[in-house]
Amino acid sequence: MDNREVAAVFDRIADLLEIQGEAVYRVNAYRRAAESIRSTSEEVAAMATAGRLQQIPGVGEAIASKIDELLSSGRMAFYDKLVAAVPEGLIGVLEIQDVGPKKAARFWKELGVTSVDDLEAAARAGKLRGLAGMGEKSETRILVSIEAYRRRSGRASIGVALPSAERLLVKLRGMPGVRQAELGGSLRRWRETIGDIDLVIASDDSALVVGGFAALPEVRRVRSQGETKVSVELEGGLQAQLWVHPVERFGTAWQYATGSQAHNVRLRERAQAMGLSLSEHGFRQPDGGELLIAQEQHAYNVLGLAWVPPELREDRGEMQAAEAGALPVLVTEADLRGELHAHSNWSDGGATILEMAEAASELGLTYLVISDHSQSLGVAGGLSVDRLRAQRQEIDQAQRRLGSRLRLLQGAEVEILADGRLDYPDAVLSELDLVTASLHSSLRQSRPQATARLLAAMRNPHVDMIGHPTGRMVEGREGADLDLEEVFRVALETRTMLEINAHPDRLDLNDVHARRASELGCLLAINTDAHRPSDLLLRRFGVGVARRAWLGPPQVANAWPLDDLLAWLSGGA
DNA sequence: GCCGTTTTCGGCCCGACTGTTTTCAGTCG
């Protein structure tokens, strides 16, 4: 079982305990442990073997022994008992907005509801309004929430949510009464999937802004609307919420709305320890006086901390680093000097080599590797050896046109075949400037098989980089089942770069794995895998992952000058 | 269930909004 699977079990335990009416602090302990396991970069299985599970924050004696039991036997008596006591379908009912554990338990115990379908039927039959504390309005509200739930498809990809949020921001910034409008939430933290769009507004007229936002044409339905906060469902199914605060309180408001929740809890605990109380409105002092914070940075400074970049605000050690003045200098889009993975119309790209190069140059890049697909990837127009050699001519021609503005290199995205062999012979690979090897097919091999396949590719002396190492798709197919610790170890040994593929559907390696790879000393690269000039703009999503992985420019190969990179690859310092 | 420059026991972030209530519980972020 990998970390994600173990974490999912503990999340489920938390849900079931909550429905059973268990004390909220015990439930939260399981939730915290689950989140912590999910963001642990080392595999829990390895930590269990080494007896180091309790090093994971939020994992104590009890949870550690449950993990041990789960990993060694594939079962957990405690969990089995819970599942026997509470219908698992109720976990789906918790997904309905405005239905939490208390209501779910009542629907189950008093009406026999064990699924979303049951709940809908009960609501339609008018059975909910008979329960204590529930009326006709609650019943209708739940029916509306069920409809929204069926429309929604879980979390949205950041690639969809961010552009949509940016369009909203433009509108908001043009609205009367708006002094400042910013993104908060998981979008500002560059998480790979987004539950909803969080917007924070500085304004002296909250009624005007709240009303104006709720009336926007892209708002399909208002879920709740108060004096300073409004929550809506947008056309297209995304949810958005907006907070309005006065300018002089905007610092703490933006901090609060950015989260993560776990990070905010740590911050507020720290405030408490200093005798302060922190909320979105500001700090409250022991004498009851308020300390207002207009600039977000000052909220951190009051607590004796350096400002924490939003991408790090996940309770993954950033508080300790901020306290020690040891926060990393994170890589930015402006640090990127080159692109190591781009396609042209020689394979499945939509633009000529020169067009791609011009676009890269306009973005300020100084080198570009054209890496079209290799021969066996027929669906993507993979290049035969002859075509690959012919392509070199066109690259040379384009280079002459470009002059010194941008250096073009010939690479290839070479298939790693199912048995670990590469799709071009070594003699051909040796002619290329930079070889990327990638998995596209046979992703369902066993872990030993898939791992061995990738290791074999890395051990080929001509291979410089592994493209989208796991092959996973965000919210889509699982990647290959790999022993990533072993992959990282061999990447380090063979000087093979590992890609952070910036396409928002891939984001592969992800933040947690990229952080681990970097901790172990691997060199990463942020690539767009561009198939047309506009795809080069996707690099910001890769930068988001890299920043979430705590990477600075030295850890990112394409933030290096080209000569340094080539020297490193050829075995130099 | 976890955890400790207040603690190995007794705490565990803080506030907005809704609906059903006459003062609050539930949910959410």
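No hydrogens, no waters, no symmetry mates; every other heavy atom, side chains included, goes into these values. Since this is a predicted model, take the numbers as computed values, not measurements.
No engagement by A/N264 is indicated, since no non-hydrogen atom pair under 4.0 Å with the nucleic acid exists. Backbone-only engagement by A/E269 is indicated by non-hydrogen atom pairs under 4.0 Å involving sugar-phosphate atoms exclusively. Within 4.0 Å of A/V99, counting heavy atoms only, lie sugar-phosphate atoms of the nucleic acid but no base atom. A/Y30 comes within 4.0 angstrom of the backbone, heavy atoms only, and of no base. A/E22 comes within 4.0 angstrom of no nucleic acid atom, judged by non-hydrogen atoms across all strands. Across all strands shown, A/N28 has no heavy atoms under 4.0 Å from either base or sugar-phosphate atoms. Note on A/I96: only backbone sugar-phosphate atoms sit closer than 4.0 angstrom, heavy atoms only; bases stay farther off. The residue A/R32 sits apart from the nucleic acid: no heavy atom pair falls under 4.0 Å.
The local environment of NZ in A/K127 is sparse, with at most 12 non-hydrogen atoms from other residues, nucleotides or ligands closer than 6.0 Å. For A/E110, the CD atom counts as densely surrounded, since its 6.0 Å shell holds more than 12 non-hydrogen atoms of other residues, nucleotides or ligands. By the neighbour-count criterion of 12 heavy atoms within 6.0 Å, atom CD of A/E61 is sparsely surrounded, having that number or fewer from other residues, nucleotides or ligands. Few gaps surround CZ on A/R477; more than 12 heavy atoms of other groups in view lie less than 6.0 Å from it. For A/Q295, the CD atom counts as loosely surrounded, since its 6.0 Å shell holds 12 or fewer non-hydrogen atoms of other residues, nucleotides or ligands. For A/R221, the CZ atom sits in a packed shell: over 12 heavy atoms of surrounding residues, nucleotides or ligands are nearer than 6.0 Å.
Separating the P atom of B/dC14 from that of B/dT22 is a span of 28 Å, rounded to the nearest Å. Across the C1' atoms, B/dC12 and B/dT6 are found 15 Å apart, a figure rounded to whole Å. Spacing of P atoms, B/dT5 relative to B/dG1, comes out at 23 Å, to the nearest Å. When the P atom is used for both B/dT21 and B/dG26, the distance is 13 Å, rounded to whole Å. Comparing B/dG10 with B/dG15, their C1' atoms are spaced 25 Å from each other, to the whole Å. Between B/dT8 and B/dA25, the two P atoms lie 32 Å apart (nearest whole Å). Across B/dC13 and B/dT20, the matching C1' atoms stand 27 Å from one another, rounded to whole Å.
Nucleotides of DNA chain B nearest to A/A29 and A/L94 differ in position, and the one nearer the 5' end is that of A/A29. When each of A/G135 and A/L278 is assigned the nucleotide of DNA chain B bearing its nearest heavy atom, the one mapping closer to the 5' terminus is A/L278.
Side chain of A/E485 to main chain of A/E43: no donor-acceptor pair is present (N/O by atom type, distance under 3.5 Å, no hydrogens or angles). Checked by atom type and distance alone, the side chain of A/R268 never pairs as donor or acceptor with a backbone atom of A/S277 at under 3.5 Å.
Here the closest heavy-atom approach between residue A/E280 and residue A/T252 is recorded as O-OG1, 3.0 Å. When all heavy atoms of A/S518 and A/Q555 are compared, the closest pair comes out as OG-CG, 3.6 Å.
In a base pair of the Watson-Crick type (N1 to N3 plus N6-O4 or O6-N4) or a G-U wobble (N1-O2 and O6-N3), with each distance short of 3.5 Å, B/dT8 is matched with no nucleotide.
Checked for salt-bridge contact, A/D11 and A/R38 meet the test: a charged N lies under 4.0 Å from a carboxylate O. The pair A/E235-A/R220 counts as a salt bridge, with a side-chain nitrogen and a carboxylate oxygen less than 4.0 angstrom apart.
Nucleotides of DNA chain B lying under 4.0 Å from heavy atoms of chain A occupy a range whose first and last members, 5' to 3', are B/dG1 to B/dG29.
DNA chain B is contacted by A/S224, A/Q225, A/G226, A/E227, A/T228, A/K229, A/Q241 of residues 218-241 of chain A, taking any non-hydrogen atom closer than 4.0 Å. DNA chain B lies under 4.0 Å from at least one heavy atom of each of the following residues of residues 45-65 of chain A: A/P57, A/G58, A/V59, A/G60, A/E61, A/A62, A/I63.
Partner of A/V210 under the side chain to side chain contact (heavy atoms under 4.5 Å, CB included) criterion, chosen from A/K229, A/Q225, A/E227: A/Q225.
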